[in-house]
Number of protein chains: 2
Amino acid sequence: MIESDELLSIRAAELYYEEDKTQDEIGSILTLTRWKVGRLLAQAKASGFVRIEIVHPRARRLPVERRLRETCGLTDAIVVSTAGVDDQDELQARTAQAAADYLASLRPAPRTLGISWGRTLDDVARHLQDGWAGGVDVVQINGGVSLNRRAGTAASTAVTIAQKAGGHATLLPSPAILERLETKRAIESDRAVAAVLDLASGADAYLFSAGAADAGSVLVDSGYLTADDIAALVRAGAVGDVVGRYVDGSGAIVDPRLDERTVGLSLESLRAAQLSIAVIAGSAKHAVASAVVRSGLCTVLVTDEDTALHLIENHPAVPDSKGQRGTE
Amino acid sequence: MIESDELLSIRAAELYYEEDKTQDEIGSILTLTRWKVGRLLAQAKASGFVRIEIVHPRARRLPVERRLRETCGLTDAIVVSTAGVDDQDELQARTAQAAADYLASLRPAPRTLGISWGRTLDDVARHLQDGWAGGVDVVQINGGVSLNRRAGTAASTAVTIAQKAGGHATLLPSPAILERLETKRAIESDRAVAAVLDLASGADAYLFSAGAADAGSVLVDSGYLTADDIAALVRAGAVGDVVGRYVDGSGAIVDPRLDERTVGLSLESLRAAQLSIAVIAGSAKHAVASAVVRSGLCTVLVTDEDTALHLIENHPAVPDSKGQRGTE
DNA sequence: CGTGCGGCTGCTCATATGAGCAAAGATCGC
DNA sequence: GCGATCTTTGCTCATATGAGCAGCCGCACG
């Protein structure tokens with residue numbers, strides 16, 4: 001575009017978008033035909049001089065969603081706008097809201113929904129509307145938090161989601177991580193636990209989040225792990241946890257021995273699911289989000305714009321476990 | 001607007017603006033008639049959820065210009081966009097560019113143009129295009145800088161503007177501020193100086209800027225005033241200088257004794273002019289800009305968006321008792 | 001100096017959109 | 001329970017806009 005045209009297109013855009021003039025009027029102001037004005041306007045848009053933004057806590061970024069879906073091979077992607085959000089809590093709230101909306105909009109609604117627990121999921125539960133579905137049974141897919149005063153949030157998340165959908169919640173009566181492998185094996189074979197795990201593995205859909213590998217993790221908070229444990233995991237390449245299991249950048253289990261002591265659905269089952277919805281927001285979770293998406297842990301991702309852009313930019317790497325699911 | 005409609009209007013706006021869908025298509029996606037969609041879109045715009053911004057160094061803010069013109073009773077106002085500008089130099093450059101454009105667009109072009117000098121004006125001169133007018137004579141309206149190595153910028157500003165318009169520059173052969181009143185009277189009555197002042201007072205148009213009342217002022221830089229002088233002026237209520245004369249928030253001369261020793265057009269002459277263009281940019285100059293506009297020193301203001309908004313917000317408020325009461 | 005080509009211009013025509021209006025609903029007071 | 005009033009809805013019609021095309025200009029090349 002020639003410089004003079006560029007300037008004209010800016011003047012035209014000002015008159016069109018800020019003054020609500022018609023292209024014809026602009027034509028007579030700038031002494032141009034109205035077709036020329038139309039072309040200048042088109043140029044202005046194409047060159048990105050005209051920026052249209054939707055500013056609203058519930059606003060989504062449809063073009064980003066599309067790119068995310070395409071570059072990462074997701075069935076669906078929900079990306080909330082970051083515009084004007086300063087703090088991470090707000091971001092998480094918006095994302096949780098979007099996840100709740102998405103869940104409620106699923107047709108057909110899942111009959112059984114497997115969920116993990118954590119701050120994010122709890123937020124999603126709170127944002128769901130009463131009656132968001134008609135009778136959805138909720139099953140926990142990993143061991144609950146129960147070591148300290150926080151006891152009950154895991155349960156309450158599940159119960160809330162189920163109640164609001166007019167269904168039942170089935171809790172997994174087990175700690176998240178056991179100290180000894182034998183205990184873990186024992187509890188897993190207990191009929192009550194086994195039944196829940198069985199139910200969980202047959203769920204129509206899964207909804208889970210992921211935690212960053214830092215000392216603020218709920219697993220540390222709940223007393224299952226210490227800050228030192230986390231540091232060791234990070235040294236071994238951990239970027240975060242998914243349903244209580246720590247993974248590296250490619251989505252592989254970092255510490256198999258720890259993983260064996262962790263009760264819940266395996267990551268393989270999650271990868272094999274028809275519909276698994278990950279809800280991940282915040283800059284601290286970019287790395288885990290990457291691992292989740294790359295390794296095919298979710299078919300649907302609900303996230304914020306910044307995270308989405310991060311994923312899109314860094315995607316080309318590591319196609320491995322994804323390929324097994326057959327994306328050509 | 002009801003909550004559900006608000007959300008719908010956001011969804012509609014996303015599809016319309018981000019996905020370029022037609023209102024009809026949106027209608028079938030959201031199961032609404034296309035008229036409803038049109039109304040939702042109108043609501044979204046009206047509620048400010050849709051923000052359209054023109055992002056370009058030469059972009060102006062027409063609606064702000066209008067408000068500025070109306071609330072401050074200006075003949076004309078030029079407001080450059082602040083979008084994405086972090087540093088004040090860039091802001092000043094954009095404003096200077098806009099001033100140059102405005103000057104070049106004046107019809108009829110002034111035959112004689114009175115100008116002040118300073119960093120801003122110099123910037124305007126540099127941004128003017130060669131041949132921006134056909135033969136404009138430029139006259140300095142206040143004493144030049146000549147005490148130190150910066151000597152000549154005042155002259156070069158005038159000469160540049162004149163040259164680019166194919167006209168002559170008439171310099172004011174006098175210091176800006178004299179130490180003794182007698183000297184000032186004497187120099188003023190000198191034929192060469194008097195002739196220039198006379199020419200200046202008869203100019204068709206004036207172009208000037210204003211300085212903030214701080215130690216970074218060109219008057220300090222040039223050695224006419226010391227940082228202490230400025231501090232004293234500020235204590236006396238000064239907010240900045242216009243053509244070398246320090247004014248308070250209401251545009252009144254702060255120190256009449258200093259003012260008497262200042263050579264150049266009086267503020268009254270400037271106020272009486274048919275066309276006087278002030279070019280003022282930057283957050284440091286909000287206060288002077290206010291004084292200039294309130295006291296009718298300019299008929300046209302070229303400024304940046306932030307300054308413009310500041311002026312609009314603080315206009316109705318009477319000049320100020322704040323300055324008089326002193327800021328401790 | 002002619003000739004062929006690419007880009008720009010101004011047009012026609014189909015389509016998308018906004019204004020305005022009558023009918024249908026909703027809301028309120030009585 | 002019943003109008004009266006105000007809002008919302010779906011429409012018609014006029015207008016604004018975008019797609020596509022023929023002619024024109026400038027340019028490079030033979």
Side-chain angles (χ1 to χ4, degrees), chain A residues 1-56 58-63 65-67 101 105 129-131, chain B residues 1-56 58-63 65-67 101 105 129-131:
Chain A
M1 202 195 305
I2 311 96
E3 153 113 22
S4 65
D5 260 22
E6 181 171 320
L7 221 115
L8 268 182
S9 75
I10 296 299
R11 297 287 152 253
E14 288 162 357
L15 292 163
Y16 191 73
Y17 293 106
E18 302 195 327
E19 298 287 84
D20 293 311
K21 302 247 182 251
T22 164
Q23 300 190 358
D24 221 352
E25 292 175 290
I26 298 173
S28 51
I29 293 173
L30 303 177
T31 51
L32 297 165
T33 64
R34 86 165 189 274
W35 297 284
K36 179 71 180 169
V37 174
R39 279 168 191 139
L40 288 172
L41 252 16
Q43 280 184 337
K45 246 202 223 166
S47 325
F49 299 145
V50 176
R51 183 189 297 161
I52 302 184
E53 213 179 5
I54 298 169
V55 195
H56 192 278
R58 307 280 282 261
R60 284 164 50 185
R61 284 285 103 103
L62 267 25
E65 293 182 356
R66 193 212 321 280
R67 278 198 287 155
D101 290 347
S105 75
Q129 286 222 325
D130 250 323
Chain B
M1 202 195 300
I2 311 96
E3 154 112 23
S4 65
D5 260 23
E6 181 171 319
L7 220 113
L8 267 183
S9 74
I10 296 299
R11 296 287 153 254
E14 288 163 356
L15 293 164
Y16 192 71
Y17 293 105
E18 301 194 329
E19 298 287 87
D20 292 311
K21 302 248 182 250
T22 168
Q23 300 190 0
D24 222 352
E25 291 176 290
I26 298 173
S28 52
I29 294 173
L30 303 177
T31 48
L32 297 164
T33 64
R34 86 166 189 273
W35 296 284
K36 180 72 181 171
V37 174
R39 280 169 189 134
L40 288 173
L41 251 16
Q43 281 183 337
K45 248 203 221 166
S47 324
F49 299 145
V50 176
R51 185 189 295 162
I52 302 185
E53 215 180 2
I54 299 168
V55 194
H56 192 279
R58 306 281 282 261
R60 282 165 50 187
R61 285 284 104 106
L62 269 23
E65 293 183 358
R66 193 213 321 280
R67 278 198 287 155
D101 290 348
S105 75
Q129 286 224 324
D130 251 322

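As the structure is a prediction and not an experimental result, all values here were calculated from the model. Just so it is clear: chains get the letters A, B, ... in the order the sequence lines come, proteins before strands, and each one is counted from 1.
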(message) Taking salt bridge (Lys or Arg N to Asp or Glu O under 4.0 Å) as the definition, give me every residue that meets it alongside A:Arg66, ordered by chain and number, with sequence neighbours left out.
(response) B:Glu19
(message) To the nearest 0.5 Å, what is the distance between NZ on A:Lys21 and CD on A:Glu14?
(response) 12.5 Å
(message) Check the phosphate of C:dT9 against A:Thr33, side-chain N and O only, distance under 4.0 Å to OP1 or OP2. Yes or no?
(response) no
Tabulate protein N/O versus nucleotide N/O from nucleotides 23-28 of chain C, keeping only pairs under 3.5 Å, one per line.
none

(request) Can you tell me the distance, in whole Å, between the CG atom of B:Asp20 and the C1' atom of C:dT17? (result) 15 Å
(message) So, OP1 or OP2 of C:dT17: does either fall under 4.0 Å of a side-chain N or O from B:Thr22?
(response) yes
(request) Quickly work out the B:Lys36 NZ to D:dC11 P distance and round it to whole Å. (result) 14 Å
(request) Using whole Å, report how far CG of A:Asp5 lies from C1' of C:dC8. (result) 10 Å
(request) To the nearest Å, give me how far apart CG (B:Leu8) and C1' (D:dT8) are. (result) 15 Å
(message) Which heavy atom of B:Arg58 sits nearest to which heavy atom of A:Arg11, and what is that distance?
(response) O-NH2, 3.0 Å
Review item, nucleotides 18-22 of chain C N/O atoms under 3.5 Å of protein N/O:
from	atom 1	to	atom 2	distance (Å)
C:dG18	OP2	B:Gln23	NE2	2.9
C:dG20	O6	B:Arg39	NH2	3.4

(request) Please state how far atom CG in A:Leu32 lies from atom P in C:dC8, giving the value in whole angstrom units. (result) 15 Å
(request) Could you pull out the closest heavy-atom pair between B:Val50 and B:Ala13, with the gap in Å? (result) CG2-CB, 4.0 Å
(message) So does B:Ser28 get a backbone contact from the side chain of B:Thr31, meaning a donor-acceptor N/O pair under 3.5 Å?
(response) no
(message) Without decimals, in angstroms, what is the distance between A:Glu25 CD and D:dT15 P?
(response) 13 Å
(message) Measuring from atom CG of A:Leu15 to atom CD of A:Gln23, what distance do you get when rounded to the nearest 0.5 angstrom?
(response) 11.5 Å
(request) Could you grab the distance from atom NZ of B:Lys36 to atom CG of B:Leu8, nearest 0.5 Å is fine? (result) 7.5 Å
(message) How many whole angstroms separate atom CG of A:Asp24 from atom C1' of C:dC11?
(response) 14 Å
(message) Contact between A:Tyr17 and A:Lys45 at the side-chain level, heavy atoms closer than 4.5 Å - yes or no?
(response) yes
(request) Please assess A:Leu40 against A:Leu32 for the test side chain to side chain contact (heavy atoms under 4.5 Å, CB included), listing each intermediate value before the final yes or no. (result) CA-CA 10 Å; A:Leu40 288 172; A:Leu32 297 165; 3.7 Å; yes
